[in-house]
J.: 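First the structure, which I've put down as structure tokens, then a few questions once you've had a look.
In the text below, chain A, chain B and the rest are named by the order of the sequence lines, each starting its count at 1. Only this structure's heavy atoms are used, side chains among them; waters, hydrogens and symmetry mates stay out.
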Amino acid sequence: DSGVTQTPKHLITATGQRVTLRCSPRSGDLSVYWYQQSLDQGLQFLIQYYNGEERAKGNILERFSAQQFPDLHSELNLSSLELGDSALYFCASSAGSGGLGDTEAFFGQGTRLTVV
Amino acid sequence: AQSVTQPDIHITVSEGASLELRCNYSYGATPYLFWYVQSPGQGLQLLLKYFSGDTLVQGIKGFEAEFKRSQSSFNLRKPSVHWSDAAEYFCAALGVNAGNMLTFGGGTRLMVKP
């Protein structure tokens, strides 16, 4: 158990809908990272938050947004869903702010999103 | 563009045999390098990482990796594979000047024959 909790584990929704994925980082970790894993794109970095502030942005679509709350949990919002958004969405957390390189990152088990 | 390549999509080895998973990177400067393992239904677990110094890095579960600057490679090895090592393995890199974007290779799925 990495200590990072993601809910829900599975989500099935229709095209055009909006969903929210939730991540609780390890106790004490201030950074949260979101990744998308799909068969055609592999593991893609989406966005990082550190202590409530957006720190880095990767290949995140405009239809997607995220935030980190004062209690440090994070939510990834996906809207106007398309079939191609079907993927495994991972959250990771780390103690530091300088990226995954300055400290070990711990990954959750992911949320599998299926858009039908 | 910065990239990480894992040339082998699938590898099958017999239990007890040695293992080498290949990883090549393309970065302007030597990045930080990582190997992660993903078991079915699980998240990614860090096996080992290389920042600088000794080019042979020891990790968990009996894995090691060797950094070779001349070949831009960071191959993962294990002398004797166990059936429980069957999983997907990801090489990743973090550029020292690339912000916080950890770039992953496409992954290598390891199958272990009894």
J.: Do A/Gln44 and B/Thr103 make a side-chain contact, defined as non-hydrogen atoms from C-beta onward lying under 4.5 Å apart?
T.: no
J.: Please tell me whether A/Phe45 and B/Phe104 form a close aromatic pair, meaning their ring centres lie under 6.0 Å apart.
T.: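 Not under 6.0 Å, so no.
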J.: Do you know the tightest heavy-atom contact between B/Gly43 and A/Phe90?
T.: CA-CE2, 3.6 Å
J.: With rounding to the nearest 0.5 Å, note down the distance linking CZ in A/Phe106 to CG in B/Leu44.
T.: 13.0 Å
J.: With a 4.5 angstrom heavy-atom cut-off, which part of B/Gln45 approaches chain A: side chain, backbone, both or neither?
T.: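 For B/Gln45, neither part sits under 4.5 Å from chain A.
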J.: Determine, stepwise, if the pair A/Leu88 / B/Gln38 fulfils side chain to side chain contact (heavy atoms under 4.5 Å, CB included).
T.: CA-CA 12 Å; A/Leu88 193 53; B/Gln38 183 180 23; 4.0 Å; yes
J.: Do A/Tyr35 and B/Tyr32 share a hydrophobic cluster, counting only Ile, Leu, Val, Met, Phe, Trp and Tyr and linking them when any side-chain heavy atoms are less than 4.5 Å apart?
T.: yes
J.: Check each atom of A/Ile47 against the heavy atoms of chain B and say whether the ones under 4.5 Å are side chain, backbone, both or neither.
T.: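 Contact with chain B: none, neither part.
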J.: Given the rule that I, L, V, M, F, W and Y join up when any side-chain heavy atoms are under 4.5 Å apart, are A/Val4 and A/Leu46 in one cluster?
T.: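 Looking at the clustering, A/Leu46 is in a separate group from A/Val4.
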J.: Treating Ile, Leu, Val, Met, Phe, Trp and Tyr as nodes and any side-chain heavy-atom pair under 4.5 angstrom as an edge, say whether A/Phe107 and A/Leu21 lie in one connected cluster.
T.: no
J.: Cluster question for you: counting only ILVMFWY and a side-chain heavy-atom cut-off of under 4.5 Å, with indirect links fine, are B/Leu19 and B/Val57 together?
T.: yes
J.: More than 12 heavy atoms of other residues, nucleotides or ligands under 6.0 Å from CG of A/Leu83: is that the case?
T.: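 Above 12, so yes.
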J.: Using a cut-off of under 4.5 Å on heavy-atom pairs, state which of A/Gln6, A/Gln37, A/Arg112, A/Gln41 scores highest against chain B.
T.: A/Gln37
J.: Test of understanding: clusters of I, L, V, M, F, W, Y form through side-chain heavy atoms closer than 4.5 Å, transitively. Do B/Leu33 and B/Leu48 belong to the same one?
T.: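 They do share one cluster, since a chain of ILVMFWY contacts under 4.5 Å joins B/Leu33 to B/Leu48.
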J.: Among A/Ser2, A/Cys91, A/Gly108, A/Gly110, which residue has the highest count of heavy-atom pairs closer than 4.5 Å to chain B?
T.: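 That would be A/Gly108.
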J.: Any chance CD1 of B/Ile60 has more than 12 other-residue heavy atoms, nucleotides or ligands included, within less than 6.0 Å?
T.: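 More than 12 within 6.0 Å, yes.
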